[in-house]
Every structure is written in C-alpha cells, then in structure tokens.
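Reckoned from all heavy atoms, side chains included, excluding hydrogens, waters and symmetry mates.
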Amino acid sequence: MKIREVEERTPRLVEQLVDVWEASVRATHLFLSANEIAEIKRYVPQALMGVAHLVVAERDDGAPAAFMGVQDGKLEMLFLAPEERGKGLGRQLLEHGIQRYAVESLVVNEQNPQAREFYEHMGFQVFERSDLDEQGNPYPILSMRLLDSLP
C-alpha cells in the first residue's frame, strides 16, 4: 500500500473515493438507512474537494483502498474499503495524520462502537458528547482528543 497526499482531485478519483466511502459506511454505520446513506452521499464529493489535506492509501494497481481528510489538526474523515478492515491500514493512516498533519481531535458517531474503540486504542479520549451530528441529525456524536493534547 502506498500512502500519499492527493495533489489533484480529479473527477475519477473523487468517484472512486465516494465508492470507498459508501462501502465503508454500509459496513460500519448500521444505524443509517439506505435512504439516509444516499442523502449523505450527495455531500461527500464536496467534502472531498473542500478538505485541506486528502490522503489516500492506494493498492498496487493505483486504486484507492482507504482515505482520510485532515483540516487544522482535526481528522475530518477516515474510511476504509470493508475488505481492508483489520489489516492495520486505519492505524497507518491515522499515525500518518498525527505525525504529518498534527491530528489531535476528531468526532465519531456514538452508534459506531468499532470506530470509537479503534480511536481509543489509538490514544484518543472522549471529551464531549452531542445528541445531534454536525448536520443536525439525531445521531449522537462523540468529540475525541488525543490524550497527549489534553490539558
């Protein structure tokens, strides 16, 4: 796997990353309905184009297997193709984000316990809970900080 920051966000790459996003969400966000996933999917290209640092893990053939977005020390997104879960790729990406982009905070859906456990294992701790997600939907969000950055 090659991990690199994307220099040019081409329509083809964005399409591939949306596919990774959708497969990942369908595998991990079991609290979302198919209609809710379809609605959120409409905004994913905009998020991919707007995030300051877009980092992709590419397979040997150049196809994306996972990606993360980072802005101002916050992990904005981290998604892996379902077949890549459990192989250490999420850890590699997050460690890259911490070392290269000073990632020290993130939010995670409370209803995604595997993600929360992963982030806790990586040294993040919940410091705040909200009943609504960032779009105002009734999906509780946990704000987490890297333990080293806690006051």
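The backbone N or O of Leu142 lies less than 3.5 Å from no partner atom in the side chain of Arg129, so there is not a single donor-acceptor pair.
Thr10 has its side chain out of reach of Val14: every pair of non-hydrogen atoms, C-beta onward, lies at least 4.5 Å apart. With a 4.5 Å cut-off on side-chain heavy atoms, Lys41 and Val18 count as touching. At a threshold of 4.5 Å between non-hydrogen side-chain atoms, the residues Leu17 and Trp21 do not count as touching. Side-chain contact check for Leu48 versus Met77: some heavy-atom pair is nearer than 4.5 Å. Side-chain contact check for Leu78 versus Leu93: some heavy-atom pair is nearer than 4.5 Å. Between Glu58 and Met1 the shortest side-chain heavy-atom distance does not fall below 4.5 Å. The side-chain heavy atoms of Ile98 and Phe124, taken from C-beta on, include a pair separated by under 4.5 Å.
Under a 4.0 Å N-O distance rule, the pair Arg145/Glu104 does not qualify as a salt bridge.
Evaluation of the ring pair (Phe, Tyr, Trp, His ring centres under 6.0 Å) test over residues 57-78, restricted to residues two or more places apart or in two chains, returns Phe67-Phe79. Applying the side-chain hydrogen bond (donor to acceptor under 3.5 Å, both in side chains) definition to pairs two or more places apart or across chains, those involving residues 75-88 are Arg59-Glu83, Arg59-Glu84, Arg85-Gln114. For residues 85-105, the pairs satisfying ring pair (Phe, Tyr, Trp, His ring centres under 6.0 Å) are His53-Tyr101, His96-Tyr101, with sequence neighbours left out.
Partner of Ile141 under the side chain to side chain contact (heavy atoms under 4.5 Å, CB included) criterion, out of Leu132, Asp133, Val108: Asp133 alone.
Summarising the geometry of Leu80 relative to Ser24, their closest heavy-atom pair is O-CB, 3.1 Å, with the distance given to 0.1 Å.
One finds the CE atom of Met122 at 10.5 Å from the CG atom of Leu75 (value rounded to the nearest 0.5 Å).
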